[in-house]
Every structure is written in C-alpha cells, then in structure tokens.
Amino acid sequence: MQKDLFVYNTLSRTKEKFEPLAAPFVGLYVCGPTVYGDAHLGHARPAITFDLLFRWLKHLEYKVRYVRNITDVGHLENDADEGEDKIAKKARLDQLEPMEVVQYFSDRYHENMESLNVLKPSIEPRASGHIIEQQLMIEKIDQAGFAYTVDGSVYFDVEKYNRDHAYGKLSGRNIEDLQSNTRELEGQDEKRNPFDFALWKKARPEHIMRWPSKWSDGFPGWHLECSAMSTKYLGEQFDIHGGGMDLLFPHHESEIAQSTAANGTESVKYWMHNNMITINGQKMGKSLGNFITLEEFFTGSHKTLEKAYSPMTVRFFILQAHYRSTVDFSNEALQASEKGFQRLMNGVQALEKIKAGEVSTIDVKAFEDKCYAAMNDDLNSPILISHLFDMVRQINSMADGKEQINQTDLDQLKKLFHTFVFDVLGLRDEAKQDSGNEKTAELIELLLRLRIEAKANKDWSTCDKIRDSLKELGILVKDTKDGCEWEILS
RNA sequence: GGUCGGUUGGCCGAGUGGCUAGGCACCGGUCUGCAAAACCGGCUACGGCGGUUCGACUCCGCCACCGACCUCCA
C-alpha cells in the first residue's frame with residue numbers, strides 16, 4: 001500500500017527507487033551550517049527539506065541515523081593562502097574565543113531550528129571535535145597516493161585521481177574545463193594544478209585556530225570534515241547525502257574524491273540537493289549580503305519585511321514549493337502562505353468536531369493513496385498540501401452538513417490528517433500554543449457566553465462591543481450555526 | 001566563456017502528450033442582525049519561432065530572457 005519511495009539522485013539526474021544498502025537501516029548525512037553568524041532563510045531550506053525526508057523515512061518505518069554536522073573550523077574567508085579562518089576572523093573582531101563564537105551561534109541555530117519544528121538529528125558532530133579523524137583520513141589518502149605535501153600543507157592530487165576515477169561526475173564537469181575555467185587566484189603556487197584542493201593547511205603565525213599534526217601546525221581543508229565524519233558515523237558506504245545545490249561543486253565533488261581515495265569505494269548511494277531561496281530573483285546568501293535572518297522573520301525587524309512571520313508560516317512557505325525548485329521570497333508570497341496555513345489549521349480543528357454519520361460521501365482511501373503517492377514521488381510536499389486543502393474543503397462541507405462520513409472513515413481520516421500535517425510536514429498549531437493559558441481561554445469563553453445572551457436579547461450593541469473589543473486584543477470571533485468559535489490571531 | 005537549471009494565470013506554486021493541481025488576491029451568490037468564517041460559482045495561464053503528432057503547456061530544434069555553480073556560501 002505504501003508503495004516505493006523515489007528520490008532524485010543528483011548523480012544520475014533521475015528519480016531512482018530508494019533501496020537502502022542495509023534495510024531497514026538508513027544512513028543520512030546532511031551538510032549543516034557554518035556557525036559564524038545567524039541563520040537566515042536560506043539555512044531553513046535544507047534543514048526543513050531534510051527534516052521532511054527524515055520524518056518521511058521514519059514514517060515508512062526505516063531506522064534512520066541522521067547526521068548533520070556543525071562546521072566550526074576550516075572554510076577560509078578568501079583564498080587558500082591569503083584568507084583567514086572565518087571563525088577566527090569573527091573572533092578577533094569581537095575579542096572572543098573562537099569556541100565562544102561557535103557556541104553562541106550554535107545555540108542560536110538550535111533555537112531557530114526548534115522554532116521551525118525541525119527535529120534534532122541523531123548525531124550533530126562538530127568539525128573541531130574530529131581533527132584526529134580528519135588527519136587519519138589524510139594519511140589514508142596519502143597512502144593511496146592521492147596527496148602531496150608542500151611546506152607543511154597537504155593537497156589532493158585531482159589529476160592523478162582523475163586518471164582512474166571521474167572527478168566531476170556529480171556536478172557534470174570535466175577536468176579539462178576546470179583547467180581552463182579555474183580562476184587565477186593568488187598564492188596558489190604550491191598546488192600542482194589550480195583545481196587541487198587542500199586537505200591540510202599550515203597555519204600562518206597569526207592564525208589562532210590551529211592543531212598540531214605531522215605536517216605542520218595547521219587546520220584541515222574545507223571539504224574534509226564531511227568525509228571524515230560521515231565515514232565515522234555512517235560507514236564507508238551510506239545511503240543519502242544531502243545539502244544545498246550550491247555545495248555541489250566543489251564541496252561534494254571533492255568529498256566523493258576524498259572518500260573514494262581513502263576508502264577505495266564510492267561512499268554515497270543517493271545525493272540529494274535542495275534548491276536556493278531567492279530574493280528579487282537572486283540567491284539569498286551571505287556573500288551577496290541580501291539575506292534576512294530567521295530571527296528577523298520571526299520578529300519582523302528587517303526593513304524588507306512588512307510584518308513579522310511566524311516560524312510555521314516560514315515552514316509552510318518552504319514546504320509549499322518542491323525542494324528542487326527555487327522559491328522566491330516576497331511579502332505577498334509569505335502572506336499567502338500565512339493565510340493558507342491558517343486555513344489548514346482551521347480545517348484540522350474543524351475535523352475534530354465532525355460527528356460521524358451512517359454513510360460516507362468522502363473517499364478516505366483515495367485521499368490516503370494520493371498523499372502517499374505525493375510523498376513517495378521525491379517528497380512532493382506541494383502536491384501533498386494540495387490534497388490536504390482538497391480535504392479541508394470536504395471537511396468544511398461535512399461541518400456544514402453537506403457531506404457525511406461514517407465512524408470508521410472518520411477515525412481513519414483523523415489519523416491520516418494528523419499524520420501528514422503534524423508528523424510528516426512537521427507543522428504545529430501556533431494558535432493553540434498561544435492560547436495554552438487556561439485562564440485566558442476560560443475568560444474568553446465567559447465573555448462569549450455573555451455575548452450569546454446579549455445576542456438572544458437582540459442587544460446588538462453589546463454583542464458587537466464584545467466582538468470588537470476581543471478583536472482589538474487579537475482574538476477573532478466567528479459565529480456558527482449553534483454558537484460561536486474563537487481563535488487567536490498571530 | 002564553460003557546466004547545469006529555469007521561463008506557467010494579478011501573485012506564489014504543482015503537473016501532465018488529449019481529461020489542464022492547490023493556495024493567496026479579486027468578482028458574484030448562499031448563510032448571517034451585521035461582520036467574519038465556511039460553502040457554491042466566476043476569473044483560467046503555460047517566454048518567442050519552427051518541427052514531430054490526429055492532438056503539445058507537456059517531446060525535439062533554434063532564439064530570447066533569468067538564475068545557480070565555476071571563490072566561502074544552505
């Protein structure tokens with residue numbers, strides 16, 4: 001009934017049937033954030049995309065080990081020799097210990113992820129905690145003959161690797177093109193070829209993040225941490241590696257080369273990449289300076305934002321586009337998502353109040369099949385959401401007495417709706433959360449009872465006064481056939 | 001310049017060789033003391049030019065435009 005999951009594999013550029021290397025176990029590795037600044041909307045995309053995958057795999061009863069790293073070393077600011085470590089740079093500016101910066105932004109990241117209802121990964125390793133593993137991997141690569149050392153720095157010999165392996169297979173490049181297209185950067189003279197990349201870099205005297213090694217006091221190269229940590233926690237071969245499309249080249253390409261060189265085998269079976277979030281049609285990114293942090297979305301404090309957008313609005317907005325499409329940010333789009341999300345939540349609440357009848361005019365089984373089909377088709381969350389909206393309409397019709405449902409179907413529908421809305425899409429009803437205060441709820445109920453009395457007496461002015469006053473407090477009153485409902489507006 | 005991807009209605013965003021999602025906005029109707037909500041209905045598009053086909057938004061070719069990557073980037 002659940003059919004098979006198909007995922008788009010960047011390696012083959014096609015959707016492939018997902019078959020774990022060792023079912024029911026699934027190993028999933030995703031490139032996490034570099035913690036030297038607040039997370040922005042772009043960071044929410046892979047987090048939510050792979051959260052969706054994680055949730056779906058678990059729903060399909062796979063036993064998933066989800067590893068998402070935190071990058072807290074490496075990643076040079078400019079180029080290999082002239083640049084300084086991003087973390088170190090930020091630390092010097094703020095007069096903080098590098099690890100203090102890392103801790104601060106890691107905590108902020110975790111808070112953002114919690115707000116977005118992103119599940120914690122099974123393991124969240126830090127690059128700085130795996131220096132030894134990275135050094136050991138360099139040695140393996142060196143022993144295999146794919147590394148060379150120049151003045152305390154170790155480089156990966158791409159040309160040699162390419163003789164027996166296809167460097168560029170993931171990103172669709174070939175070494176000749178790279179030869180002619182790689183920019184001439186300063187201080188690259190240590191490398192045999194411009195496309196070679198560092199495995200270990202000797203630290204200059206002022207470089208404060210450094211570790212001792214047999215080659216030099218230095219730090220590991222950009223791409224190494226993911227290879228080392230994925231190997232450590234998921235094995236030399238594992239199922240899925242995810243990340244943003246912008247990491248495809250050179251990061252993931254180099255990961256493949258490193259792992260293959262070190263272990264002798266191809267490491268990843270399925271490569272999955274989420275697309276970018278754009279703003280005014282351009283990628284939102286740190287380097288372009290056009291990013292809006294998640295915190296700013298939640299508080300509405302960025303000048304581009306017309307208002308604050310709740311975490312669930314942001315999550316829903318992202319889920320309404322397929323993960324492999326770009327999604328363009330705009331206030332209009334966010335507000336459409338906000339309204340839509342509210343409609344969905346209202347539907348969930350309406351469903352709770354439906355009373356079963358004798359017969360069903362609703363096809364619950366067809367609904368179920370369509371939902372599974374959507375998710376199994378490369379996590380097509382927008383299609384899933386469209387089916388949920390179709391069902392919301394039917395739920396509302398039931399509430400209006402225009403459609404009917406029997407007890408068996410009703411139970412099943414409630415279960416399905418709950419599963420897909422909350423467990424799979426990972427949404428949560430924020431209004432419900434806000435009204436968590438029982439006293440508040442009781443007070444509102446009291447006022448509404450008074451209003452119903454006034455209404456019975458056709459005392460419209462009292463009636464409207466209560467409704468209007470509540471609205472000013474952010475509480476929306478909706479009359480129904482036999483009474484009224486209320487909800488807290490965000 | 002190279003590689004890859006995109007161009008869908010007022011906006012966002014799916015998708016398929018013929019039956020052409022969904023949300024938001026807008027318009028009309030039902031309901032309602034009024035409003036809101038809800039329901040019903042309307043609005044209904046696939047960048048341009050050729051080609052394949054009984055039939056293309058969907059396949060192919062060319063062109064235009066946009067973007068990503070080629071440097072850290074989610």
Side-chain angles (χ1 to χ4, degrees), chain A residues 10 13 30-34 36 39-50 71 74-80 83 86 168 171-174 176-178 180-183 185 195 222 242-251 253 273-278 281-288 291 316-317 320-322 324-344 346-347 350 374 377 380-390 392-393 395-397 399-403 455 458 460 463-464 467-468 471 476-481 484-485 487:
Chain A
T10 309
R13 312 247 164 206
V30 174
C31 292
T34 304
Y36 66 108
H40 59 71
L41 188 60
H43 292 94
R45 180 88 118 134
I48 289 170
T49 295
F50 294 104
T71 296
H75 287 234
L76 301 187
E77 188 85 295
N78 296 311
D79 64 82
K86 274 181 179 167
S171 54
R173 281 152 222 263
N174 62 59
E176 292 78 24
D177 291 342
L178 289 173
S180 54
N181 286 322
T182 304
R183 277 193 211 172
L185 295 173
F195 44 71
W222 308 263
M245 272 184 186
D246 51 351
L247 297 178
L248 236 155
F249 188 89
H251 186 57
E253 199 70 70
H273 291 93
N274 62 276
N275 214 320
M276 302 291 104
I277 286 179
T278 59
Q282 206 179 31
K283 174 182 149 181
M284 184 181 284
K286 203 132 219 158
S287 51
L288 293 164
F291 61 93
F316 191 67
F317 170 68
Q320 268 190 303
H322 185 80
R324 281 191 289 111
S325 301
T326 56
V327 54
D328 195 52
F329 156 82
S330 69
N331 279 287
E332 218 179 348
L334 258 298
Q335 282 163 31
S337 287
E338 185 176 52
K339 292 259 184 67
F341 176 61
Q342 196 53 249
R343 180 176 159 79
L344 184 61
N346 289 344
D377 184 13
N380 201 325
S381 56
I383 290 290
L384 171 61
I385 289 169
S386 79
H387 295 322
L388 292 174
F389 276 122
D390 283 340
V392 165
R393 178 173 293 117
I395 287 167
N396 288 327
S397 291
D400 277 5
K402 289 171 185 156
E403 301 264 12
K455 201 172 177 180
K458 295 199 192 300
W460 306 129
C463 204
D464 291 348
R467 186 175 67 198
D468 295 344
K471 192 171 184 185
L476 183 68
V477 177
K478 295 182 282 190
D479 287 345
T480 59
K481 253 184 241 160
C484 60
E485 294 175 354
E487 69 181 71

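Side chains are part of it too, since the values below use all heavy atoms of this structure and drop only hydrogens, waters and symmetry mates.
- Contact annotation: Asn396(A) reaches the phosphate of C39(B) (side-chain N/O to OP1 or OP2, under 4.0 Å).
- Counting any heavy atom pair closer than 4.0 Å across all strands shown, His40(A) reaches a base atom.
- Using atom C1' as the reference point in both G50(B) and A38(B), the two lie 50 Å apart (nearest Å).
- Comparing A25(B) with G42(B), their C1' atoms are spaced 14 Å from each other, to the whole Å.
- Rounded to an integer number of Å, the gap from CZ of Arg324(A) to C1' of A14(B) is 12 Å.
- In this structure, C31(B) makes no Watson-Crick or G-U wobble pair, since no nucleotide meets both defining distances under 3.5 angstrom.
- Nucleotide G1(B) forms a pair with C70(B), judged by Watson-Crick or G-U wobble geometry with both contacts under 3.5 Å.
- Of all the heavy atoms in Ala374(A) and Leu384(A), the pair that sits closest is CB-N, 3.7 Å.
- Here, U20(B) and G13(B) have their C1' atoms 15 Å apart, quoted to the whole Å.
- Comparing C46(B) with C19(B), their P atoms sit 14 Å apart, to the nearest whole Å.
- Among C69(B), C11(B), G67(B), the nucleotide with an atom closest to any side-chain atom of Asp246(A) is C69(B).
- Rounded to whole Å, the distance from CG on Leu388(A) to P on A14(B) is 16 Å.
- Regarding contacts with the backbone of C72(B), every side-chain N or O of Thr34(A) stays at 4.0 angstrom or more from both OP1 and OP2.
- Put simply, the side chain of Met245(A) reaches to within 4.5 Å of the side chain of Met276(A), judged on heavy atoms.
- Rounded to whole angstrom, the span from the NE2 atom of His322(A) across to the P atom of A14(B) amounts to 8 Å.
- As rounded to whole Å, 11 Å separates atom C1' of C66(B) from atom CD of Gln282(A).
- Backbone-only engagement by Val327(A) is indicated by non-hydrogen atom pairs under 4.0 Å involving sugar-phosphate atoms exclusively.
- Smallest separation of non-hydrogen atoms from Ala333(A) and Phe317(A): CB-CE1, 3.7 Å.
- Rounded to whole Å, the separation between the P atoms of G28(B) and A36(B) comes to 12 Å.
- The base of A36(B) is not paired with the side chain of Arg467(A) by any donor and acceptor separated by under 3.5 Å.
- Taking all atoms of both residues into account, the shortest heavy-atom contact from His43(A) to Pro33(A) is CD2-CB, 4.3 Å.
- Look at Asn275(A) and you won't find any side-chain N or O under 4.0 angstrom from OP1 or OP2 of A68(B).
- Of the listed nucleotides (G15(B), G13(B), A21(B)), G15(B) has the atom at the smallest distance from the side chain of Asn380(A).
- Taking atom NE2 of residue His387(A) and atom P of nucleotide G15(B), one finds them 11 Å apart after rounding to whole Å.
- Note: NZ (Lys402(A)) to P (U30(B)) measures 13 Å, nearest angstrom.
- Straight-line distance between the C1' atoms of G2(B) and U58(B): roughly 29 Å, to the nearest whole Å.
- At the heavy-atom level, Met245(A) lies nowhere under 4.0 Å from the strands shown.
- Figure legend. G47(B) is base-paired to C63(B); pairs are counted as Watson-Crick or G-U wobble with both atom distances under 3.5 Å.
- For C40(B), its base never sits under 3.5 Å from the side chain of Arg393(A) at any donor and acceptor pair.
- Base engagement by Ile277(A) is indicated by at least one non-hydrogen atom pair under 4.0 Å involving a base atom.
- Contact annotation: Arg343(A) reaches the phosphate of A38(B) (side-chain N/O to OP1 or OP2, under 4.0 Å).
- Within the nucleic acid shown, Gln335(A) has no heavy atom closer than 4.0 Å to any nucleic acid atom.
- Rounded to whole Å, the separation between the P atoms of U3(B) and C11(B) comes to 33 Å.
- For Asp464(A) against G33(B), a side-chain N or O and a base N or O form a donor-acceptor pair under 3.5 Å.
- Close to C69(B), at under 4.0 Å from its OP1 or OP2, lies a side-chain N or O of Lys283(A).
- The shortest side-chain heavy-atom distance between Leu334(A) and Glu338(A) does not fall under the 4.5 Å cut-off.
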(message) side-chain contact (heavy atoms from CB on, under 4.5 Å) for Thr10(A) and Leu248(A)? Distances and angles first, verdict last.
(response) CA-CA 9 Å; Thr10(A) 309; Leu248(A) 236 155; 4.1 Å; yes
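- Here Gly281(A) lies in heavy-atom contact (under 4.0 Å) with sugar-phosphate atoms only.
- Within 4.0 Å of Ser330(A), counting heavy atoms only, lies no atom of the nucleic acid at all.
- With both pairing distances under 3.5 Å, U58(B) is matched to nothing as a Watson-Crick or G-U wobble pair.
- The shortest heavy-atom contact between Ala321(A) and Pro382(A) is C-CG, 3.7 Å.
- Out of C70(B), A21(B), C12(B), the shortest distance to the side chain of Ser386(A) is found at A21(B).
- We find that the ring of Phe389(A) and the base of G23(B) do not stack by the test of centres under 5.5 angstrom and planes tilted less than 30°.
- Contact annotation: Lys339(A) side-chain N/O to A25(B) OP1/OP2 distance is under 4.0 Å.
- Contacts of Cys463(A) with the nucleic acid, taken as non-hydrogen atoms under 4.0 Å apart, include base atoms.
- If you check every strand for non-hydrogen atoms under 4.0 Å, Leu247(A) touches sugar and phosphate atoms only.
- The interatomic distance linking Asp328(A) (CG) with G23(B) (P) rounds to 21 Å, in whole Å.
- Looking at heavy-atom distances under 4.0 Å, Asn346(A) makes no contact with the nucleic acid at all.
- Residue His273(A) comes nearest to Gly244(A) through the heavy atom pair CD2-O, 3.4 Å, listed as atom of the first residue, atom of the second, then distance.
- Nearest-nucleotide positions on RNA chain B place Gln320(A) closer to the 5' end than the other of Gln320(A) and Leu288(A).
- In terms of phosphate contacts, Ser325(A) brings a side-chain nitrogen or oxygen within less than 4.0 Å of OP1 or OP2 of A14(B).
- Considering all non-hydrogen atoms of both residues, Gly347(A) and Ile395(A) come closest at O-CG2, 3.8 Å.
- Mapped onto RNA chain B by nearest heavy atom, Leu248(A) and Gly32(A) fall at different nucleotides, with Leu248(A) at the one closer to the 5' end.
- Between the P atoms of G5(B) and G9(B), the separation comes to 23 Å (whole Å).
- With both pairing distances under 3.5 Å, G22(B) is matched to C12(B) as a Watson-Crick or G-U wobble pair.
- Ring planes of Phe389(A) and Phe316(A): perpendicular class, angle over 60° (limits at 30 and 60°).
- Below the 3.5 angstrom threshold, one finds no donor paired with an acceptor across the side chain of Arg173(A) and the base of C4(B).
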